[in-house]
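Below is one structure, written out as structure tokens; the observations come after it.
Every chain is numbered from 1, with letters handed out A, B, ... down the list of sequences.
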Amino acid sequence: MRHVLSVLVENEAGVLSRVAGLFSGRGFNIESLNVAPTLEPDVSLMTITTRGDEQIIEQIVKQLRKLITVIKVVDLSYEQVVEREMVLMKVNTTDNTRAEVLRIVDIFRCKVIDVSLTDLTIEVTGTQSKIKAIINLLQRFGIKEFVRSGTVAIKRTMQLD
Amino acid sequence: MELTGAQILLESLKKEGVKYIFGFPGGAVIDIYHYLPEYDFEHILVRHEQGAVHAADGYARSSGKVGVCLVTSGPGATNTVTGIATAYMDSIPLVVFTGQVPTALIGNDAFQEVDIVGITRPCTKHNFLVKDVKELALTIKKAFHIARTGRPGPVLVDLPKDVMQAKAEFSYPDKIYLRSYNPHYEPNKKQIKRAINLLCKSSRPLIYAGGGVISSKANEILTTFARTFRIPVTTTLMGLGAFPADDELWLGMLGMHGTYAANMSVNNADVLISVGARFDDRVTGKISTFAPRAKIIHIDIDPTSIRKNVQVDVPLVADCKLALENLFNFLVDMDDVNWETKHVEWLEIVKEWKNKHPLRYEKSGTYIKPQFVIEKIYDLTKGEAIITTEVGQNQMWAAQFYNYKYPRTFISSGGLGTMGYGFPAAIGAQIANPDKLVIDIAGDGSIQMNIQELATAVSYNLPVKIIILNNGYLGMVRQWQELFYNKNYCATVLQKNPNFVALAKAYGAEGFRIDKQEDVEPVLKQALFSKNTCVVDVIVEPEENVYPMVPAGASLTEMLLV
Ligand SMILES: Cc1ncc(C[n+]2csc(CCOP(=O)(O)OP(=O)(O)O)c2C)c(N)n1
Ligand SMILES: [Mg+2]
């Protein structure tokens, strides 16, 4: 099963490699990983999506907690959460297709952030399934460039005890 | 007053109560060595950094204190890695200080630069790179705190040369709080209740104890617990000495080279109380058939140990000592249970297993039997020595045929199985225990991996004894080849072993050779009671095997017996 882990860590050098090294060294998989500082400058939040059976996920969570620089780990799979990913992509357009691409963009409430004669740059934010759906629709126009963030997810504001 | 980083380091070590530093100098740590003579530490100059770490580890295992190492950057640092990994696998508290190139050069492939923090990340409990002299004292405080608390382990602190030269005010923190590190010592009351329920209902309980009993100083309560409630005890290799081997409840070690009684008991127990052990594959054999009839109570300070390899019925994340004390206090007050009689039948069955297949070996033959040598060492030392081991058959015989009565008297690389561990570890143990007899039971292969430390032992007048069980083979590997690989002895014959007696003498140690049965006792006596570092080369049966043996991956009941 897919799990989304919210991992609060000390914002210091090497913390990412401690976490990444834990996953590779123990043969756990990382599907996506997002790291950024929180509002407290000395704390960062990692959102890790991973897969495994219950025992593996339990080990992953415990092993993460064991790292000295990890402050808190929450498995969001057992919580009510909002999940988002962001995609930026350049979709080929011609005078004939532009209108249709814009219509799709509109329906999905994406944003056009750049326009040229040959393409549109689009920003999509949403769940994995929404992103999958829009990719499916836009693929036939040709997606020239594509970048995607890892999942970020929120339950409630995490606070230090 | 402002001090240099080097001075702050040494002042901090003083505050931590450090007496011995095992080390080897170099350019990146020369500032530290410059100030060292102004302090009261005894610095033990080894001959290889791996030796320094194993020695600090042997010091830690035999004393319960934190072992301290100091080495230079680059090759000095990489030479510590095997020692650090050895300590990590066995949860031994060490603080290893490595020199580093100046901060401005880090990342430039500077001379003798290596990313030792990166290299040791997966084999340390934690590690630090100190970039600012103002953070040095606090970092050292953290390092010792992390090394010795919770599940102990090695911590590495990387010290750039410019940080050692920079100056700062020195003040050492009394207390430390780490928001992200708070080991959990107290057992959960609900789980204690559940454990008590199981134990009260059990008719065939078994205690399976590991190294955690020794590191948490739970051996006394464990012994009282077992004796009061009449529960037989087996331990892992790491747990030897946690329960007195002369007690009638003692079954011997379990696992791949465990006793018949221990392995049969695991197979038939209805409640297994695991204390400070981690269900390693060398202990469990085929995991799906391990303790098939037992409900498992698992006491461990490290949550990751629990349900890593086996499903357990009662998880108790706690300090072993506190957990056992808690259980004891409840159980001892149970009026309706007669512990004297509760497990009588079970103890009878266990006793039969003990009598049916005790540890034994074929006594005939032209060669000296290695097991006989260990038995003799036991007789001569009356079980009062500290035994360290190398790795292989020598290690298993030392585990089987010497009866350990006290914790911290059997010192061996369990988790990593590091050849070359035993001799430097013996040096550390001898330094921690100057009045004790310290003996390294060695193999002819392993001893050559850190034999250079003879110079260290002789330099510091350490009367360590090395007893080489010289079988002319990398014996344990040869045994596997014999049993499972059609006797294809590829690369396990040690053809040109050195003359160990001459080698010992070249280093200034005493050397003895034993090749006749009748010489074993008198020559051993001579060596063991000598005041000098001694090497005893005992020519033993070349193709002797360690039994019982559970083939890798087989169930514990599938034992090959003598
Ligand atoms: C550093 C290291 N390299 C290789 C091994 C694999 N190994 C395990 S036991 C053994 C043989 C050890 O030979 P010896 O020291 O002569 O001991 P014996 O088994 O003959 O008593 C080897 C090579 C190891 N454990 N450690
Ligand atoms: Mg050998």
Point to revise | Which portion of B:Pro303 sits near chain A, non-hydrogen atoms under 4.5 angstrom | key: both

Study note, to complete from the structure: Expected contact set for residues 9-18 of chain A against chain B at heavy-atom separation under 4.5 Å reads A:Glu10, A:Gly14, A:Ser17, A:Arg18

Practice item. Check the pair A:Arg98, A:Asp119 against salt bridge (Lys or Arg N to Asp or Glu O under 4.0 Å), reporting the backbone distance first and the verdict last. Key: CA-CA 8 Å; A:Arg98 190 167 301 114; A:Asp119 59 58; over 6 Å; no

Practice item. Heavy atoms only, distances under 4.5 angstrom: which of A:Leu67, A:Val70, A:Val61, A:Ile68 has the most pairs with chain B? Name it, please. Key: A:Ile68

Check your understanding: Is it the backbone or the side chain of B:Ile146 that comes under 4.5 Å from a heavy atom of chain A, or both, or neither?
Key -> side chain

**Study point:** Under 4.5 Å from a heavy atom of chain B, the part of A:Gln63 involved
**Key:** both

Check your understanding: Distance-only, no hydrogens or angles: does the B:Lys141 side chain make a donor-acceptor pair with backbone N or O of B:Asp174 under 3.5 Å?
Key -> yes

Point to revise | Worked verdict on B:His126 versus B:Tyr181 for ring-ring contact (aromatic ring centres under 6.0 Å, His included) | key: CA-CA 11 Å; B:His126 195 57; B:Tyr181 173 71; 8.8 Å; no

Review point. Checking side-chain hydrogen bond (donor to acceptor under 3.5 Å, both in side chains) against B:Thr418, which of B:Thr82, B:Thr86, B:Asp90 comes through?
Key: B:Thr86

Check your understanding: Out of A:Thr50, A:Thr47, A:Thr49, which residue meets the side-chain hydrogen bond (donor to acceptor under 3.5 Å, both in side chains) rule with A:Ser32?
Key -> A:Thr49

Check your understanding: Would you say A:Lys62 has more than 12 foreign heavy atoms packed within less than 6.0 Å of its NZ?
Key -> yes

Point to revise | salt bridge (Lys or Arg N to Asp or Glu O under 4.0 Å) between B:Asp300 and B:Arg278, worked out | key: CA-CA 8 Å; B:Asp300 202 294; B:Arg278 57 185 179 87; over 6 Å; no

Point to revise | Interchain contact, B:Asn182 with chain A, by part (heavy-atom threshold 4.5 Å) | key: neither

Review point. More than 12 foreign heavy atoms under 6.0 Å from CG of A:Leu39: is that the case here?
Key: no

